[in-house]
Amino acid sequence: MRLRNIPGAKDAIAQSPFVIQDPQAHKGEWKKVFSADQPLHIEVGMGKGRFLMDMARLHPDINYVGIEMYDSVLLRALQKMEELAEEGQGLSNLLFMRVDARLLPEIFSQGEVDRIYLNFSDPWPKARHAKRRLTSREFLERYDQILQKDGRVEFKTDNRELFEFSLEEVQETKWRLLAHTFDLHHNEEMLQGNVMTEYEEKFSSMGNPICKMVIDREE
C-alpha cells in the first residue's frame with residue numbers, strides 16, 4: 001500500500017539538497033555529480049530508502065542513487081536523511097531522484113551504471129500490466145541501455161508469481177541468470193553480505209520465503 005499524499009511533499013522534494021532536481025541534465029556526466037569518482041549503483045523503486053542508506057554506510061567507496069516516483073514515499077527518505085545529517089552521520093555518497101523508471105535511458109548513458117537493485121517491486125498482478133513490472137523484458141531492455149558491459153541486476157521479492165515471471169523473462173532475452181534462490185534466508189552462499197529492506201524484514205519475520213536472482217548480459 002502506498003502512503004497517502006502528504007501536503008507539502010512536492011515542495012520539500014523540490015528544495016531538498018538530497019534530491020537531483022534535473023536528472024536528465026546529468027546524462028553522460030554522472031561522475032561529476034558526486035564528490036568522489038566511484039562506481040554508481042542505483043535502486044529502482046527505493047521506497048523509504050532504508051536499503052540504500054544502509055548500503056551507502058557500508059560501502060563508502062560506491063555512489064548510490066535511489067529512484068522513487070511517489071512524492072509521499074520519497075519524503076520519508078528525505079526526512080531520514082535530514083535526521084542523519086543532524087546527527088553528524090550524513091551520507092555524501094547517496095542521492096535521490098523522483099522520476100518514472102521508464103525514463104532511465106534518458107538519464108544515464110551506456111555504461112554509467114554498475115549495478116541495479118530491484119527490491120520488492122510492485123507485482124502489477126494483472127496480465128495487461130505486465131510491461132510495468134520492473135523485471136519485464138521492456139525494463140530489462142532499459143537496463144541494458146545504461147549498465148556497464150559487466151553490470152548486474154539484483155532482484156528480491158516475496159512474491160513467488162512475480163519471481164517466476166521474472167525468471168521466464170530472463171530466459172526470453174539476452175540476459176543470463178547468474179544465481180537464484182526461492183529461499184534466500186536459507187541459502188548460505190547468496191545470503192552473504194545481504195542487506196535487508198524494510199519489506200524483507202517484515203515478510204521474512206512472518207515466515208515468507210524471500211526469492212532473489214542476480215543477472216547480467218550474455219557475452
Any side-chain heavy atom of [X] within less than 4.5 Å of one from [Y]?
| X | Y | answer |
| --- | --- | --- |
| I210 | F120 | yes |
| V153 | V214 | no |
| W30 | I107 | yes |
| M69 | V99 | no |
| T157 | L118 | no |
| H185 | L191 | yes |
| L177 | M213 | yes |
| E201 | E198 | no |

Please round to the nearest 0.5 Å and tell me the distance separating atom [atom1] of [X] and atom [atom2] of [Y].
| X | Y | atom1 | atom2 | answer |
| --- | --- | --- | --- | --- |
| S16 | L74 | OG | CG | 7.5 Å |
| L184 | C211 | CG | SG | 9.0 Å |
| M81 | M53 | CE | CE | 6.0 Å |
| D183 | N208 | CG | CG | 10.5 Å |
| I146 | E112 | CD1 | CD | 9.0 Å |
| I116 | L40 | CD1 | CG | 9.5 Å |

**Item:** Shortest non-hydrogen separation from L104 to V44 and the atoms involved
**Value:**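 That closest heavy-atom pairing would be CD1-CG2, 4.1 Å.
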
**Asked** Which pair of non-hydrogen atoms, one from S92 and one from F34, has the smallest distance, and what is that distance?
**Response**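 That closest heavy-atom pairing would be O-CD2, 3.7 Å.
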
Considering residues at least two apart in sequence or located in another chain, which fulfil the ring-ring contact (aromatic ring centres under 6.0 Å, His included) criterion with [X]?
| X | answer |
| --- | --- |
| Y143 | none |
| W175 | none |
| Y64 | H41 |
| H186 | none |

Can [X] and [Y] be counted as an ion pair, charged N to O under 4.0 angstrom?
| X | Y | answer |
| --- | --- | --- |
| R115 | E154 | yes |
| D144 | K174 | yes |
| D216 | R152 | no |

Donor-acceptor pair, [X] side chain versus [Y] backbone, under 3.5 Å?
| X | Y | answer |
| --- | --- | --- |
| R132 | P123 | no |
| N93 | H59 | yes |
| D100 | L103 | no |
| Q110 | L147 | yes |
| E169 | L140 | no |
| E68 | G47 | yes |

With a 3.5 Å cut-off and sequence neighbours excluded, list the donor-acceptor pairs that the side chains of residues 160-168 form with protein atoms.
from : atom 1 : to   : atom 2 : distance (Å)
R160 : NE     : E164 : OE2    : 3.0
S166 : OG     : T135 : OG1    : 2.6
S166 : OG     : L162 : O      : 2.7

**Request:** Would you kindly say whether N194 and K156 are connected by a side-chain donor-acceptor distance under 3.5 Å?
**Result:**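 Result is yes, a qualifying pair exists.
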
**Message:** Can you classify the ring geometry of Y117 versus F51 as parallel (below 30°), tilted (30 to 60°) or perpendicular (above 60°)?
**Reply:**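 Because their plane-to-plane angle is over 60°, the rings of Y117 and F51 count as perpendicular.
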
Heavy atoms of other groups near [X] [atom1], more than 12 under 6.0 Å:
| X | atom1 | answer |
| --- | --- | --- |
| E188 | CD | no |
| E189 | CD | no |
| R57 | CZ | yes |

**Request:** Decide yes or no on side-chain hydrogen bond (donor to acceptor under 3.5 Å, both in side chains) for D61 and Q38, but give the supporting numbers first.
**Result:** CA-CA 6 Å; D61 57 335; Q38 304 177 149; over 6 Å; no

**Request:** Mind checking salt bridge (charged side-chain N to carboxylate O under 4.0 Å, His left out) for R133 and listing every partner two or more places apart, or none if nothing turns up?
**Result:**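 Result, salt bridge (charged side-chain N to carboxylate O under 4.0 Å, His left out) vs R133: none returned.
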
**Prompt:** In terms of hydrophobic clustering (I, L, V, M, F, W, Y; side-chain heavy atoms under 4.5 Å; direct or indirect links), are F108 and L134 co-clustered?
**Reply:**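 They do share one cluster, since a chain of ILVMFWY contacts under 4.5 Å joins F108 to L134.
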
